[in-house]
Amino acid sequence: MPMDHEELKTRFYQLVAPSLPNEWDVEEALASLSAGQDDQVDDILAQVPAIWPVSHSLCFAYLAAVGPALRHLDTGELSLWVHTLLDRYETGGLRGAQLFMADVEQHFFRQMRGQGGLRAVDVFSRLQPYVNGLAGREMPLVAASLAATDTECIFVPDVLDLFVDNEQNFLLYKLTVSFQWASTVMGTLTAPPTVPAGDALTHPLEQFFSSFSCPSRARSLYHFFETGRMLTFLADELPGLMREAAALLPRLPLAEDAAEAVSLLDLLQRGLLRDNWPIRGTDRVVDRAVDLVRHSQSRDADNQDSIEAVKELIPQLEDENDWTGTTPLVFQGTLRLQDAWLALIRQRQERENRFIKALTAHIEHHRAMVPADAEEPEGGQNQSSQQGQDLALIVDTDKQAQRQAPPAPSLRIDNEDILLNEELAQLAAEIRRDLGTMPEEYISSAVGRAGHGFALRQATEADAGQESMGPAVYDEWDYRRKGFRKNWCVVKEKEIPQVQNTFIEQTLHQYRGQIRRLRHQFEMMRTSERFVRRQREGSDIDFDALVESLADMRAGRPSSDRLFIRLARDQRDIAVYFLVDMSNSTSGWVGQAIKEALVLICEAMEPLNDRYGIYGFSGMRRLRCEVYPVKRLDERYSPQVRQRIGAMGPREYTRMAPAIRHMTSVFADVEAKIRLLIVLSDGKPEDYDEYKGEYAIEDTRHALLEAKARGVHPFCITIDRTAHEYMAHMYGAVNYIFVDEISRLPARMPEIYRTLTT
Amino acid sequence: MPGKLLRIDEHLIEQEPYYLATGDEVAIAKAAYDQGMPLLLKGPTGCGKTRFMQYLAWRLQRPLVTVSCHDDLSTSDLVGRYLIRSGEAVWTDGPLTMAVRAGAICYLDEIVEARKDTTVIIHPLADDRRELPIEKRGELLTAPSEFMLAVSYNPGYQSVLKDLKASTRQRFVALSFTYPELEKEVEIVCREGNLEHEVARLLVKLAGMTRGLKDSGLAEGASTRLLIQAGKLIGCGIPVQVACRAAICEALTDDRELLGALDEMVSSLF
């Protein structure tokens, strides 16, 4: 029986409840469904709960596209298809998802059969550390349409599907990355000193190319000669890679395979890749070009040779072909000269700023050390104008002197030598390597700033305060798709505003008897040193054992060899974080009890050497998860900490998993035998959006599993009466405790901690 | 006591250990020895600290007593203890006492691993007093001029727990060791691993790449020692890539992705 349109709509609304999408949108999306495929409607709708929470528009797009897609797909493959779709949505947005849905054969089946080629994002995990190792610094890999580098990043093609075998596609990626790295090392994007720099905003090489009637042709030819040079360099530097690539290179497609008119560049490409050079004697220019390629492949060639080759060849070319039909080789990609130029300018600027800032601080420090010298007898107004002229950096540039231990570099300002510290010396060396000299304005501006430095310094300090700790980003577990939502939650560490109140005093007074008892109890748990008697080995002789043993021997009985005493140490190597729910539901006496419990546990922990910290958490929606450090692990239990406990108050919602993930990452830097995360909560995890119920519980459970996998032992103290239903599932049957009477929480908490850690 | 003399003699190094100086370290160490000052060697693992000590001991013709420190090393383990032998309590010197008596070089390897209270006993020995009190025997040993104390540690461990106290470290002449510069490292690997120059050069290059991976999650790159071990495997006929994987990549990390990247480096180079 065909499903009625109204019925379909009702079912859809049930699936996406409690949201109430616009009826008009729903009808339009469902229209394509009701047209047929009755038997498949159940399967199609079954995927809605997985897609709807990710994006409503994606869900509508899915409903519109799923009909045609099912002509290719088996219903059994639908859930896998949706899974891939959600991944695509997260990496490529709605547009990426639509492209994916548009062509099931190209994007899904070929991928399934392993014929879809290799995607760049899938090789980054392996190649990123690889290229960092090559470069000795972080060189981010970025997916782009063509391979390139701007000397800071390396761009590689999104997808490589030139070969059926993905191993070969991978090799091509690896070759691309290595090649682009090589071109930064060998200076393909750096203009040699012979190329005049005119316009400061344009790369000198770019200016050089535009001096020809067809700049793109000059650029292509230059890049080609550089490619030949690079392949020689790689064969020397990474022989293993080039040996493997030797089988691959001749199989790379060339534009020439399809082209009719074969240009010089085509001929050269074919020669370089397939070792199929043009026959000599047919064309004089071609012969000369081949000779030049051979020369650029010699070991001592540099990019000056490539430039000379371009200068020589281009005027001799007769045809007006601009070579746009000749695509660059895959690994070669494009020349991002302008990006590299901008990157260089940026680096110079940064270095200048760093140098001036460091030098300013250094001069100020120096003047503070020798205040008497700072008083110039002339004094007065012309001093500052003179400063600019008396400057000179006398880092000894004499090569002979440098070969012996280099002298400490120093700076002469106002006839006074200032020794540079290590940071400044290094920066100065970098600047001179780049620019050839040390620009005087760098020094004069530092001297100028140091003169009236106070206001300036204050400003920079204020800047530093704002950028304390950036937000951390965590994945979230979606149980419906059995996968992570990547980089889903943003966690910020926020300060608890200081509040003056008498909460602490009252609590200390109210529980004073208990606190005394607790302190005593906890003192007993302290690291103890004790003598263990009758050991086979030890630092001293156990005389009781010795006397017994001698007596035994005299009496003819077998004597013991356990004659030593050993000092044993029971070390408690524990680090614990209390993670406290600060959601709105804890307002009133619940929050009060939790805070009292915190004060008590802190008081009790003081005589103990266990390291402990306290964080609160709350927030609203995935982009504003907040954690509040109350006491960091190695912070003292100071009056400020007490004040922060007093200032803790109910805030927003309970999105628990991001906070747990944050604590796990905080724990990653903590070295301790036992790492304990104690969560205090009053109920289920819940947020303002769709983060509730099973979804929230499963996500929290997953966050706890991740914590366990990283050696953090989670434990929960809850006061929720309905806790038993879900707590065992989330934490495991023995890893939580339910405190039925909230007023007893302060007393129970230290007790619980004691049982947990002894 | 002939038994004891024999034991300390076993620590004498007779054959010249191979050591390629990278700077003034030999001259500084010799000067420190002449002046009766103790030596602190710091540097990453496998960069030649222990080999340097062996070489120094050979140059000075003094026995070398090495103690590898661990977190359960007690004072008695260093100084000595009473043992029961056939019903009698007999005092037995620990390695430190033995070295002081014999005027040997005592080398405490990885000193930060030892318990803090244990390291304190070397204090009077490490300053101008040069004394070792043996409480249990009521004895105060004064070190002869031939005695030298040397300790080593690896500052690369980013742990607050594994750091030397200022009161300890400020008694020493400190020598900082790093991996040798390229040419020297190639020479060392060549000779110790018995390799051809070209293979050694590539191994050192590989090590250089791994040492740049600090930000990618590899705390310490491949040490010279690892390279030599890989070289020895290669010398036994193991294929280069297999030897590198076993001796270098797998030894460096368990992380799958990093292992993958290291494998790519190996296959690029060889």
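Residue numbering restarts at 1 for every chain, and letters A, B, ... go by the order of the sequence lines. What you see is a predicted model, and the numbers here were worked out from it, not measured in a lab.
For chain B, the option among A:Ala245, A:Gly136, A:Pro129 with the highest count of heavy-atom pairs below 4.5 Å is A:Pro129. Note: B:Gly260 leads B:Gly260, B:Ser74, B:Ser76 in heavy-atom pairs under 4.5 Å with chain A.
With values rounded to the nearest 0.5 angstrom, B:Leu258 atom CG is found 9.5 Å from A:Asn132 atom CG. Interatomic distance, CG of A:Leu241 versus CE of B:Met265, reported as 12.5 Å (0.5 Å rounding). A:Tyr173 OH to B:Glu264 CD: the interatomic distance, rounded to the nearest 0.5 Å, is 14.0 Å. From B:Leu83, atom CG reaches atom CG of A:Leu563 across 10.0 Å, with rounding to the nearest 0.5 Å. Taken to the nearest 0.5 Å, the CG atom of B:Leu262 stands 9.5 Å off from the CZ atom of A:Arg126.
Across A:Phe564 and B:Tyr82, no two heavy atoms sit closer than the pair CE2-O, 3.1 Å. Of all heavy-atom pairs between B:Ser268 and A:Tyr130, the closest is OG-OH, 2.7 Å. Between A:Ile541 and B:Ala89, the closest heavy-atom pair is CD1-CB, 3.7 Å.
Within a 6.0 Å radius of CD in B:Glu131, other residues, nucleotides and ligands contribute more than 12 heavy atoms. For B:Asp24, the CG atom sits in a loose shell: 12 or fewer heavy atoms of surrounding residues, nucleotides or ligands are nearer than 6.0 Å.
For a residue to count as touching a neighbouring chain, one of its non-hydrogen atoms must lie under 4.5 Å from one of that chain's; by this rule A:Leu234 does not touch chain B. Both the backbone and the side chain of B:Ser267 come within less than 4.5 Å of a heavy atom in chain A. Proximity to chain A (any heavy atom under 4.5 Å) is shown, for B:Arg211, by neither the backbone nor the side chain. Only the backbone of B:Phe270 comes within less than 4.5 Å of a heavy atom of chain A; no side-chain atom from C-beta onward does. Using a 4.5 Å cut-off between heavy atoms, B:Leu202 contacts chain A through its side chain alone, with no backbone atom that close.
The side-chain heavy atoms of A:Glu237 and B:Lys205, taken from C-beta on, include a pair separated by under 4.5 Å. The side-chain heavy atoms of A:Leu134 and B:Met209, taken from C-beta on, include a pair separated by under 4.5 Å.
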